[in-house]
**Student:** 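Sharing a structure with you now.
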Amino acid sequence: MRSETKRRLKRDRQLYIMLLPVLLFFFIWHYIPMWGARIAFQDMRYIGANEWVGLKHFKMLFSSPVFFRVFMNTVTISTMKIILIFPLPIFLAFSFNELRGSIYRNALQSVIYIPHFLSWVVISGIFISLLASPDGVINQIITLFGGDPVSFMTSTRHIRWVFVFSEAWRSIGWDSILYIAAINSISQGLYDAATVDGASKFQQAMKITLPSIAPTIITMFILNLGFFMNAGFDQVFNMMNDAVINHVDIIDTYVYRVGLTKGNFSLGTAAGLFKGVIGIILILGTDKISRKISGEGVW
Amino acid sequence: MKKKVLALLTLLTLTSALFAGGAQEEAPVQDGVVSIKIVAKDFPDTDPANIAHLRNIEAGFEAYTGQKIALELVPVPEGAYGEKLNLMLLAGNIPDLIYFQGGDEVIANQGLLVDLGPYIKSSEVMQDVLMDFNKDRLANYPYLLWLAPPRARTAVIREDWFNEAGGEIPVTVDDYTELFRSIKNNHPEAFVMTDTGNTGRMDFTFNHAFGLNATWVRENGAYVYNKVSEGSRNKLAYYQKMYAEGILDPEYVTTKWDSMEDKLYTNQVAMVYGTAGIVLDIYNDKLMENQGVGVVALPPAKGIGQGYSVSSAKETRGWGISTTSKNPDVVFELLEFLATDEGQTLDRYGVEGTHYNVVDGKVEFTEEKENWWPHFHEVMAWDAPTPLLGENGLKGWEFIQKYSVGDPDFPIPEELSPTWDALENLYKEYSYKIISGEYSIDKFDEFVSQWYDLGGTKVTDYANEVMK
């Protein structure tokens with residue numbers, strides 16, 4: 001080992017020791033299981049050694065009569081979520097930055113965070129009772145304004161929007177924490193100087209806040225793309241019903257139904273690998289594009 | 001120094017966390033005692049009643065066979081049972097006796113489950129207690145044993161509204177329609193019937209009336225999947241009419257089983273469907289508790305036919321013996337003992353002192369009995385000295401005995417299962433849209449055409465091949 005490296009290790013040993021649990025966590029729960037991904041290329045045996053079958057499970061997955069539709073559902077739902085939900089926590093963080101009353105701000109923040117702690121079983125129950133029935137609250141409001149009731153949960157036109165809205169309701173409060181922290185780290189002196197120069201609140205937001213947190217936004221966007229193919233198993237599984245199944249069935253729910261519940265873990269792993277490869281391509285591709293355009297990347 | 005101690009403690013904590021809950025010593029087994037490990041759903045070893053039940057079975061088995069056994073429940077992690085069980089088996093933890101609720105085919109295909117055929121052939125008790133449909137299923141798939149009545153869903157209607165509407169037990173589809181309309185007239189704010197996500201429960205009452213007496217029905221000299229047959233079109237048209245008249249709950253597709261029951265107890269629907277047997281008694285008791293009124297069980301509707309289809313493809317749940325078991329003969333003997341009168345007494349009554357007491361030689365059930373159900377078998381032929389079912393439960397069983405009809409079905413092979421999943425989903429979407437009126441019934445032809453194009457032709461060819 002080079003003496004410079006040794007010197008650094010010795011100097012920062014406390015930091016390295018603190019890092020150890022995190023490294024161990026990732027090694028045990030994220031790296032060791034990667035060895036198990038080989039079962040995507042094997043027929044799993046409950047007794048004896050697994051049998052190598054090459055791309056059999058990938059072929060089975062891609063040759064399914066509905067896999068393309070399931071794939072497109074996943075891409076569509078994920079795209080809707082990324083485009084429509086990703087900016088919302090940033091707007092929320094900007095709004096919180098303008099709220100000065102700390103008690104009011106804290107109370108509001110707490111209320112907005114709460115949905116994050118609810119499970120999708122509970123949230124789907126709430127949304128079904130609100131949106132499925134012609135007598136539900138939302139339909140009562142629609143009727144009050146002269147509209148016709150809509151069965152949102154069984155309508156193929158509306159169900160994906162229900163997914164986007166419920167996901168936004170659940171996650172934007174929690175996701176805004178990072179941006180609030182980034183905004184709080186901006187020097188107050190910049191705002192004071194801008195105020196002296198006569199900059200409006202909007203100008204301050206556009207010229208100081210936004211550029212200051214741009215690296216955070218870019219990093220979060222690239223990382224989010226890594227999970228692009230995770231369109232939300234828990235949400236879709238709990239909110240799906242027969243009326244809309246062909247419009248919202250995503251890779252995860254398909255694999256759960258056809259693979260896991262029938263003990264076909266190889267098929268499930270093949271789908272997981274497929275999703276993972278797409279995620280990596282998206283991360284690397286976006287990172288490269290981002291570096292070219294803005295000079296900022298994820299690492 | 002302090003920093004070094006801190007670092008050491010961190011490492012120790014991590015190491016101990018890693019190895020915590022590691023290998024446990026197995027309980028020593030005495031000479032001559034056969035140890036049997038069992039895994040089952042909702043049968044945790046943390047419940048003292050379950051442990052007492054196992055000890056009673058051990059004693060009963062020894063008295064019956066002279067063989068000493070030690071039963072041990074293998075815990076399954078929390079979560080979806082089928083998924084957790086599969087992971088447990090994959091990890092090499094394979095108990096002797098395994099309860100499956102699906103997902104068993106992959107395991108059986110790998111030779112991990114004992115062929116029960118030879119055991120059953122040489123068993124006297126099983127020959128007596130197996131129903132015809134069990135025999136058919138075992139002939140198709142000899143790895144799962146499930147001694148229980150067919151899980152047909154029986155309609156139950158609240159008694160007061162039923163009596164207001166004339167109190168005549170409906171026989172034909174027209175009788176049912178008349179009853180439904182009368183109830184809707186009397187209680188316009190409520191719906192008459194609902195279901196849970198699809199029409200699966202209602203179908204038990206109406207399928208045969210529309211000629212859907214099997215999974216694969218004969219049309220023009222060949223087998224056709226019942227959901228794409230002419231009978232299916234007529235049934236969907238009927239449901240569509242019921243939906244349009246406000247008789248069928250429009251929320252049936254988003255209703256889960258617990259909310260379905262809640263709708264019955266809170267005056268939102270008049271009629272629900274439950275598994276024939278004790279479930280019907282539970283509906284009766286809970287409605288009595290909530291509304292002070294009971295339910296009436298109704299038979300399947302009569303039309304082209306009348307009955308409940310009982311598939312002979314395979315058991316949908318049941319007990320399998322692992323081929324890794326060192327004593328499969330004793331494990332089968334245990335299953336057999338539990339099917340005898342002595343075994344049924346233990347399994348159906350529960351634990352003496354907890355679920356029942358014997359007073360003056362008579363069995364008196366305690367309130368705890370409500371929390372007990374047979375964990376192994378529910379032999380329909382067993383004549384319990386103290387009846388276990390109430391009026392509705394017995395009525396449900398009576399309907400099953402009278403109306404059950406064999407359905408010469410077959411298991412869908414693994415290579416066709418993704419196609420089958422796609423075909424079933426196609427039906428789900430079209431059937432809902434037709435029933436809800438979004439599509440006219442004429443769209444049924446489009447559905448049939450798409451069904452065949454999507455892979456239905458391949459599956460139908462396979463069906464006609466295996467059902468020759």
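Lettering follows sequence order; numbering is per chain, from 1.
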**Student:** Between CZ of A/R257 and CD of B/E424, what distance do you get to the nearest 0.5 Å?
**Tutor:** 10.5 Å

**Student:** Under 4.5 Å from any heavy atom of chain A, what part of B/S436 do you find: side chain, backbone, both or neither?
**Tutor:** neither

**Student:** How about CZ on A/F227, more than 12 heavy atoms from neighbouring residues, nucleotides or ligands closer than 6.0 Å, or not?
**Tutor:** no

**Student:** Could you grab the distance from atom CD1 of A/I245 to atom OH of B/Y427, nearest 0.5 Å is fine?
**Tutor:** 14.0 Å

**Student:** Quick check: are there more than 12 heavy atoms from other residues, nucleotides or ligands sitting under 6.0 Å from CD of A/E51?
**Tutor:** no

**Student:** Side chain, backbone, both or neither: which part of A/Y254 has a heavy atom under 4.5 Å from chain B?
**Tutor:** side chain

**Student:** I'd like to verify something: which residue of B/V253, B/L90, B/N109 has the highest number of heavy-atom pairs under 4.5 Å with chain A?
**Tutor:** B/L90

**Student:** So which part of B/A91 gets closer than 4.5 Å to some heavy atom of chain A, the side chain, the backbone, both or neither?
**Tutor:** neither

**Student:** Heavy atoms only, distances under 4.5 angstrom: which of B/E105, B/K428, B/Q110, B/E429 has the most pairs with chain A? Name it, please.
**Tutor:** B/Q110

**Student:** Quick check on B/L87 against chain A: is it the side chain, the backbone, both or neither that has a heavy atom closer than 4.5 Å?
**Tutor:** both

**Student:** Contact part of A/D249 toward chain B, heavy-atom cut-off under 4.5 Å: side chain, backbone, both or neither?
**Tutor:** side chain

**Student:** Tell me, side chain or backbone of A/R45 under 4.5 Å from chain B's heavy atoms, or both, or neither?
**Tutor:** both

**Student:** Measure B/D421 against the heavy atoms of chain A and call it side chain, backbone, both or neither at under 4.5 Å.
**Tutor:** side chain

**Student:** Would you find more than 12 non-hydrogen atoms of other residues, nucleotides or ligands less than 6.0 Å from B/D258 atom CG?
**Tutor:** yes

**Student:** So how far is it from A/D242 CG to B/Y252 OH, rounded to the nearest 0.5 Å?
**Tutor:** 7.5 Å

**Student:** Please determine whether the number of non-hydrogen atoms from other residues, nucleotides or ligands lying under 6.0 Å from atom CZ of A/R157 exceeds 12.
**Tutor:** no

**Student:** Given a strict heavy-atom distance threshold of 4.5 Å, which part of B/E251 is in contact with chain A: side chain, backbone, both, or neither?
**Tutor:** side chain

**Student:** Can you tell me if CZ on A/F117 sees more than 12 non-hydrogen neighbours from other groups inside 6.0 Å?
**Tutor:** yes

**Student:** Of the listed residues (B/L85, B/V106, B/N425), which shares the most heavy-atom pairs with chain A below a 4.5 Å separation?
**Tutor:** B/N425

**Student:** Got a sec: does the CH2 of A/W35 have more than 12 other heavy atoms crowding it under 6.0 Å?
**Tutor:** no

**Student:** Tell me if the CD atom of B/E189 is crowded by more than 12 foreign heavy atoms within 6.0 Å.
**Tutor:** yes

**Student:** Going by atom types alone, do B/N86 and A/Y46 pair a side-chain donor with an acceptor below 3.5 Å?
**Tutor:** yes

**Student:** What residue in B/N198, B/I107, B/L89, B/L454 has the most heavy-atom pairs under 4.5 Å with chain A?
**Tutor:** B/I107

**Student:** At a heavy-atom separation under 4.5 Å, does B/S259 approach chain A through its side chain, its backbone, both, or neither?
**Tutor:** neither

**Student:** Check each atom of A/T156 against the heavy atoms of chain B and say whether the ones under 4.5 Å are side chain, backbone, both or neither.
**Tutor:** side chain

**Student:** Against chain B, work out which of A/M153, A/M44, A/M60 has the most heavy-atom pairs shorter than 4.5 Å and name it.
**Tutor:** A/M44

**Student:** Checking B/E438 side chain against A/S155 main chain: does a donor-acceptor pair fall under 3.5 Å?
**Tutor:** no

**Student:** Can you confirm whether more than 12 heavy atoms, excluding those of B/Y452, are under 6.0 Å from its OH atom?
**Tutor:** yes

